[in-house]
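Written below as structure tokens is the structure these notes are about.
By convention in this document, chain letters (A, B, ...) are assigned in the order of the sequence lines, proteins followed by strands, and residues within each chain are numbered from 1. Just so you know, these numbers come straight off a predicted model, no measurement behind them.
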There are 2 protein chains.
Amino acid sequence: MPARPKRATVHDVAEAAGVSSQTVSRVLNERGYVSEDARRRVVEAVERLGYAPNVLGRSLRSTRSPMVGLAVSDIGNPFYARLHRAIEKPLRDAGLSVLLLNCDDDPELEAAQLDLLASYRPAGLVLSPATGTRFSARQVGTFENVVLVSRTIAGLDVPTVVTNETEAFGQAAEELFAAGHRRVAAVLGPEGVSTTRLREAGFRQAVSAGREPVVRYTEGTSAAGRAAMRELLDTGGVTAVLGFNVPVTEGILVAVREAGLHVPEDVSVVGFTDAGWMSAVYPAVTAVSQPVEEMGRLAGELIVAMTRGGRPRETPHLVVPGALVRRESVGPPREGTR
Amino acid sequence: MPARPKRATVHDVAEAAGVSSQTVSRVLNERGYVSEDARRRVVEAVERLGYAPNVLGRSLRSTRSPMVGLAVSDIGNPFYARLHRAIEKPLRDAGLSVLLLNCDDDPELEAAQLDLLASYRPAGLVLSPATGTRFSARQVGTFENVVLVSRTIAGLDVPTVVTNETEAFGQAAEELFAAGHRRVAAVLGPEGVSTTRLREAGFRQAVSAGREPVVRYTEGTSAAGRAAMRELLDTGGVTAVLGFNVPVTEGILVAVREAGLHVPEDVSVVGFTDAGWMSAVYPAVTAVSQPVEEMGRLAGELIVAMTRGGRPRETPHLVVPGALVRRESVGPPREGTR
DNA sequence: CTGAAAGCGCTTACAG
DNA sequence: CTGAAAGCGCTTACAG
């Protein structure tokens, strides 16, 4: 195989243009004064040599890397896939790259992935922390600019972007209780995660006399949602269920199917976080829609602002509203189970 | 805000351990001879100073970066989300990082994203090219180690990992024709993409006397699938449909619902690429399951092997088998439409 | 087994 | 407006 041709450097461009490498740098970075003549010759040489800057050299010297980490628990969860897309855009427009880190909601893997990210000396980190995360005040310093999205960490003074979890989940619960269900289950995520805690609070606020809340904690996956729902159908005596996220809601529906039951005739279901397929099927699934694109955009813009040094006096804690989208998966309980 | 404390470097470690920076480097990279005593002192100093290597410096000097690009058309498409997870694992185990590039199936954006990637001088590129990609033999050289996944580019001599598209899609078509449908539509992806071409070939191979194929090309999104299906329901006179991918299949189901029709009583549907929700709903969706995890693993292993210089004599073209998963979305055509 | 020197590609800080 | 010098953090290539 032929040796790969060596790539052009600033020095090659400088030589071809008859200027110094600093002048090339000035032209490329549009900083400092450069005569029109020199600029023209540099631009022409760049073109001719097919020169493309090496970020490694640039970042090393300037001690400013254009990399921003995005650490999430599962890119297969459409919430995080949408978040990635939404964050990437404003960062790209600001000249920043996103390094996606999949952490499987595992604190060990998260720590390893963040170590990896740290080795790139990134400009920032957007984090949706894993259950039992070890991310702490100490690490905030390592990453300089940190924004938490969706999930938060108690006692950490960093900007956050979240949905009005408690209120929105409470509204979903009320939808089921108000339909006449007495025993309603919330199939939540892992205990100790902020989203589980806040959604559970909303669920409990919807409880009043004669209403019986049932709570199950899960890993937040489809398989876990399915297992929890199977158990609830066997022994829980519930007639309505709230799903923590898209995978859990999917798992709940799988279990209902496998039991030979139907939504909403046998069980009513409300999901948290909307997904395209929920309006593609019979019955269409009632769900709380989160403004994920807005969350991503806000997080991206916060990071951009922070990398530009615009650290505000007050740490921003942005809250975006979820909205219940009523479809067909909620009905009255069967006669006799009421 | 307090100035960020300067991070420790090899020199700091060297000084603390009473050795030279090269010896530190030798210990960290486990290459060359180091006395047990020196090693111990270095390890201890690393620990004490909380030293973590700077990839930028390392990559710049060694001209070997641990970064591998993964360029896909849409991380929101579960196929690519699964692919990312599957590729990331073997690469991480080999000490490589994945930079995910979302290209929106847009050749302009793809070019821009690949330019960005090139600035990191990556060790490799795993690419699922955009429609109308401008990726060419010239660029293969830029990225040194390239593997194409799922979608291929004619005339490019690089390793590929694909499903047996033609055969698997043909089997899905046969499933519908064999159920008694005469006019069957394939809602495909963009014209000119290898997957569209190969799946269409499979579709046409399933056609015989009395069977009428209808083909629609789309952008491959949920919205495009919905629009195509709406048109087919209005004027196409088809009783069965094949969906190109998960988003298109979702869009098809949305259009069926919006028309007040039911699957499979009014229209039979088979999807290409399986998704969790397809077995969570009534009717469960019959689909061709692709071994995405295996594809990702194979692509990752190819990249790892290539970065280690193990370039095989023959360019590998790996083909993995799709499998039709029969569920409930296929039935006989309505009487009278047959 | 170890270190002094050099250099990866770039930009900063300085001097003109 | 421009360039010579230095250095970001690391590893290579060499000499001992």
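A side-chain contact (heavy atoms from CB on, under 4.5 Å) with Val10(B) is found for one member of Val42(B), Val24(B), Val27(B) and no other, namely Val24(B). Exactly one of Thr307(A), Ile303(A), Leu70(A) qualifies for a side-chain contact (heavy atoms from CB on, under 4.5 Å) with Leu91(A). That residue is Ile303(A).
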Subject >> Pairing annotation in dot-bracket form, given for DNA chain D with Watson-Crick or G-U pairs under 3.5 Å and | for cross-strand partners >> reply: |||.||||||||.|||
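Whole-Å rounding puts the Arg31(B) CZ to dC10(D) C1' distance at 12 Å. What separates OH of Tyr33(A) from C1' of dG16(C) is a distance of 17 Å, to the nearest Å. Computed from coordinates, the His11(B) NE2 to dA5(C) P distance equals 12 Å when rounded to whole Å. Taking atom CZ of residue Arg7(A) and atom C1' of nucleotide dC10(C), one finds them 14 Å apart after rounding to whole Å. Distance, Glu15(B) CD to dG3(C) C1': 15 Å, rounded to whole Å. Atom-to-atom, CG of Asn29(A) to P of dT12(C) comes out at 7 Å; the value is rounded to the nearest Å.
Within 3.5 Å, a donor on the side chain of Arg26(B) pairs with an acceptor on the base of dG3(C), or the reverse.
Applying the 6.0 Å contact sphere to CZ of Arg134(A) captures more than 12 heavy atoms from other residues, nucleotides or ligands. Within 6.0 Å of atom CD in Glu15(A), 12 or fewer heavy atoms from other residues, nucleotides or ligands are found, so the atom counts as exposed in its surroundings.
Residues Val43(B) and Arg40(B) have side chains not in contact (no heavy-atom distance under 4.5 Å, counting atoms from C-beta outward). Side-chain contact between Pro66(A) and Leu96(A) is present, with heavy atoms from C-beta onward closer than 4.5 Å. By the 4.5 Å heavy-atom criterion applied to side chains, Phe79(A) and Asp74(A) are not counted as neighbours.
Contact between the side-chain N/O atoms of Ser25(B) and the OP1/OP2 oxygens of dT12(D) is not found at any separation under 4.0 Å. For the pair Arg58(A) and dT11(C), the criterion of a side-chain N or O lying under 4.0 Å from OP1 or OP2 is met. Look at Tyr120(A) and you won't find any side-chain N or O under 4.0 angstrom from OP1 or OP2 of dG9(D).
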**OP:** Step by step, work out the side-chain hydrogen bond (donor to acceptor under 3.5 Å, both in side chains) result for Asp157(B) and Thr315(B).
**Re:** CA-CA 7 Å; Asp157(B) 182 37; Thr315(B) 304; 2.9 Å; yes
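With respect to Arg297(A) and Glu301(A), a salt bridge is recorded, a charged nitrogen being found less than 4.0 Å from a carboxylate O.
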Heteroatom pairs (N/O) under 3.5 angstrom, protein to nucleotides 6-8 of chain D:
residue : atom : partner  : partner atom : Å
dG7(D)  : N2   : Arg61(A) : NE           : 2.7
dG7(D)  : N3   : Arg61(A) : NE           : 3.2
dC8(D)  : O2   : Arg61(A) : N            : 3.0

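Side-chain atoms of Ser20(A) lie closest to dG3(D) of the nucleotides dG3(D), dC10(C), dT12(D). Picking from dC10(D), dC1(D), dT2(C) the nucleotide with the shortest atom distance to the side chain of Thr23(B) gives dT2(C).
Where Val34(B) and Leu28(A) each meet DNA chain C at their nearest nucleotide, the meeting point lying more 5' is that of Val34(B).
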